[in-house]
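Chain naming here is simple, since letters A, B, ... match the order of the sequence lines and numbering starts at 1 in each.
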Number of protein chains: 2
Amino acid sequence: MPKNAAVTRDRIVAAASKLFYGHGIRAVSVDDVAARAGLTKRTLYYHFRSKDDLIAAYLAARDEPTIVIVMGWMDAVQGTLTDKLEAVFAQMARLGRHPKWRGCGFLRTAAELVTTPGHPALKAGSAHKKKLEAEFAGRFAQAGLADPDMRARQVMLLFDGAFSAMLTHRDPSYAEAAGQAAMELVRGEKVKAVKRRA
Amino acid sequence: MPKNAAVTRDRIVAAASKLFYGHGIRAVSVDDVAARAGLTKRTLYYHFRSKDDLIAAYLAARDEPTIVIVMGWMDAVQGTLTDKLEAVFAQMARLGRHPKWRGCGFLRTAAELVTTPGHPALKAGSAHKKKLEAEFAGRFAQAGLADPDMRARQVMLLFDGAFSAMLTHRDPSYAEAAGQAAMELVRGEKVKAVKRRA
DNA sequence: TTGCGTACACTCACTAGTCAGTATACTTTG
DNA sequence: CAAAGTATACTGACTAGTGAGTGTACGCAA
C-alpha cells in the first residue's frame, strides 16, 4: 500500500534521529535506519539521495524543537533573569541524568563530520547554535542587560561546555556549575541598559 | 632487520594520532594506520591487541603533552592571573586558526565513542580533563582565589565550550569571548582567600 | 495506463581481525 | 666456539562480514 510520501519521509527521519543520536552517524548504517523505519534500503534511497542528505535531515528536524524546549525552560520560570538561567542549566542536568542521554546531537555530529567542511549537516548545526544564541540575546536585551549579545555568547559557551563536560565525565553536576557561572556573569551586568539606548 | 619493539610501537601511535585526530576514529581503518606507519596490519596487531587498544594509546599519548602545552601558555605570561587566562584563550584561538586544527581530540573521541561506556579511551579522556582542571585549580589557589576549585571548573567549562563553539562555527573569536568570561569570573573572586584558611 | 512508492537481489569496496610462515637476533649446549 | 634451539619482529594472503549505493520488477492509486 503506497503511503503518502511525506509520512514515509517523516518516519525515516524519525528512525534516523533515534539511531544517529543514540549511536552516532558513522556507527549507524543506512540498512539500520531502513530496518528501524520498517522499509527497505531501496525505499529509503527513493526519499533521500544519500546518507549525507539523511544526516542533514536529521539535524534539520531537531533544530526548531530543541530551541522550543530550551526556551520553554527559560520562559516557564517566573522570576529574575538569573532564576531563568538557573532553571535552564538545572533542566540540562536533569536531561544528563537520563540513561539514554548522549550529549548534544549537533555537537557530536560536528565532531564526527569535521573532515567534510561543506557538509549541510554542519551548516545546520552552526545555524542552530547561532539561533539559540540569538534567542538568549533577545531575552537578555529585554531584561535590560548592557551587552546582551556578549552575554548570550558567554552563556552559549557555558551551555556547550556543559554538554561537553557532562559527556566527558558522565556527571550532570557540571551543568549546575555552568549555571552558576552564567548567573554570575549576568548578575554583574544587570540594569545597565537604561543608560544605553541613546 | 627487526627493530626495537618500543620504537615501532611509538611509530604506530604517532601514525594513529595523526590520522585519528585528523579524520576521526571510525573514519580511519587499521589498514590506514599501518600504511601510514610503514608496516603491515599484521605487525600492528602484533603490537596492539585491537583497534580499541590503539585508540586508548592515541589518547594516552596526547594527555601529558597537551597539559604541558596549555600550562606552558599560562606560565609563560608574567602578570596577573587574568593576564594569564587571557593568554591561554588567545593561544587557543591561534590554534583554531590553523588549517589542520580539528577541535579537541579528547572531546571528539568522547563524542564518537559515547556508546561504549567502559572504553579505556573514554576513561583517558575524562582523566585528562580532570587533570587539566586540577592544574588550573592549583594555579588559582596559589594566586589566592577564595574558591579555586569552583573557578577552575568554570574555566574548564569555558575551555571546552570554546572548543565546541570553534568547531561548530569555525570561528576562533569564540575562544576570545570565552577568555573574557573566564577573566571576569576570576576577577570577581580575587584576594578573598586571605580571610579563608581558618 | 501512467507513474509513484515499494521490495528483492545485487555490486563492489572496505573492515576488523587471523593464519601460517619467515628472517633476524639472542641463548643454550656439546 | 660452533651448532642448535628459541624468542622477537615482521609479512602477504586470507576470512567473514559490513558499507553505501543500484537495477529492475511489481503493485496500487488516480
Side-chain angles (χ1 to χ4, degrees), chain A residues 1-59 109 112-116 118-122, chain B residues 1-59 109 112-116 118-122:
Chain A
M1 63 193 92
K3 311 252 173 73
N4 185 327
V7 170
T8 304
R9 209 191 121 96
D10 285 353
R11 206 168 75 232
I12 295 169
V13 172
S17 205
K18 268 240 158 79
L19 293 174
F20 285 156
Y21 178 74
H23 303 277
I25 305 291
R26 290 194 89 107
V28 169
S29 73
V30 177
D31 287 282
D32 293 337
V33 176
R36 169 131 204 162
L39 33 77
T40 65
K41 180 161 58 171
R42 197 64 189 85
T43 300
L44 190 153
Y45 273 99
Y46 177 82
H47 292 275
F48 296 89
R49 254 210 325 216
S50 64
K51 188 181 183 182
D52 285 332
D53 272 26
L54 184 57
I55 300 164
Y58 147 59
L59 284 194
T109 303
E112 272 201 78
L113 303 184
V114 71
T115 38
T116 53
H119 200 294
L122 294 183
Chain B
M1 64 193 91
K3 312 250 173 71
N4 186 328
V7 171
T8 305
R9 209 193 122 98
D10 285 354
R11 208 169 74 233
I12 295 170
V13 172
S17 205
K18 268 239 158 80
L19 294 174
F20 284 155
Y21 178 73
H23 304 278
I25 305 291
R26 289 195 90 106
V28 170
S29 72
V30 176
D31 287 282
D32 293 338
V33 176
R36 169 131 205 162
L39 32 75
T40 64
K41 179 161 58 174
R42 197 60 192 81
T43 302
L44 190 152
Y45 274 100
Y46 176 81
H47 292 275
F48 295 91
R49 254 208 328 215
S50 64
K51 187 181 183 183
D52 285 332
D53 273 24
L54 185 57
I55 299 165
Y58 147 60
L59 284 195
T109 303
E112 272 201 77
L113 302 186
V114 71
T115 35
T116 52
H119 199 294
L122 295 183

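Contact annotation: B/Tyr46 side-chain N/O to D/dA9 OP1/OP2 distance is under 4.0 Å. At C/dC4, none of the side-chain N or O atoms of A/His47 fall inside 4.0 Å of OP1 or OP2 (strictly under the cut-off). Using a 4.0 Å cut-off, some side-chain N or O of A/Thr43 falls inside it from OP1 or OP2 of C/dA7.
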So which protein N/O to nucleotides 15-19 of chain C N/O distances come out below 3.5 Å?
residue, atom, partner, partner atom, Å
C/dA16, OP1, B/Lys51, NZ, 2.8
C/dA16, OP2, B/Val30, N, 3.0
C/dA16, N7, B/Lys41, NZ, 3.0
C/dG17, OP2, B/Tyr45, OH, 2.8
C/dG17, OP2, B/Lys51, N, 3.0
C/dG17, N7, B/Lys41, NZ, 2.9
C/dG17, O6, B/Lys41, NZ, 2.6
C/dC19, N4, B/Arg42, NE, 2.4

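Considering only residues two or more places apart in sequence or on other chains, A/Tyr21 meets the side-chain contact (heavy atoms from CB on, under 4.5 Å) condition with A/Tyr58, A/Arg62, A/Trp101, A/Arg102, A/Arg108.
In this structure, CG of A/Leu39 is placed 16 Å from C1' of D/dG21, rounded to the nearest angstrom. A/Arg11 has its CZ atom 12 Å from the C1' atom of C/dG5, to the nearest Å. What separates CZ of A/Phe48 from P of D/dT22 is a distance of 16 Å, to the nearest Å.
Here the closest heavy-atom approach between residue A/Thr109 and residue A/Leu122 is recorded as O-CD2, 4.2 Å. Contact detail for A/Lys51 and A/Tyr45: the closest heavy-atom pair is N-OH, 4.3 Å.
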TODO: Start with the C-alpha distance between B/Phe20 and B/Leu59, add both sets of side-chain angles, then the distance that settles side chain to side chain contact (heavy atoms under 4.5 Å, CB included), and finish with yes or no.
DONE: CA-CA 10 Å; B/Phe20 284 155; B/Leu59 284 195; over 6 Å; no
Open item on the list: As a quick check of understanding, evaluate side chain to side chain contact (heavy atoms under 4.5 Å, CB included) for A/Leu113 and A/Ile55, giving each step before the final call.
Closed with: CA-CA 10 Å; A/Leu113 303 184; A/Ile55 300 164; 4.0 Å; yes
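Applying the salt bridge (charged side-chain N to carboxylate O under 4.0 Å, His left out) rule to pairs touching residues 25-41 of chain A yields A/Asp31-A/Lys41, sequence neighbours excluded.
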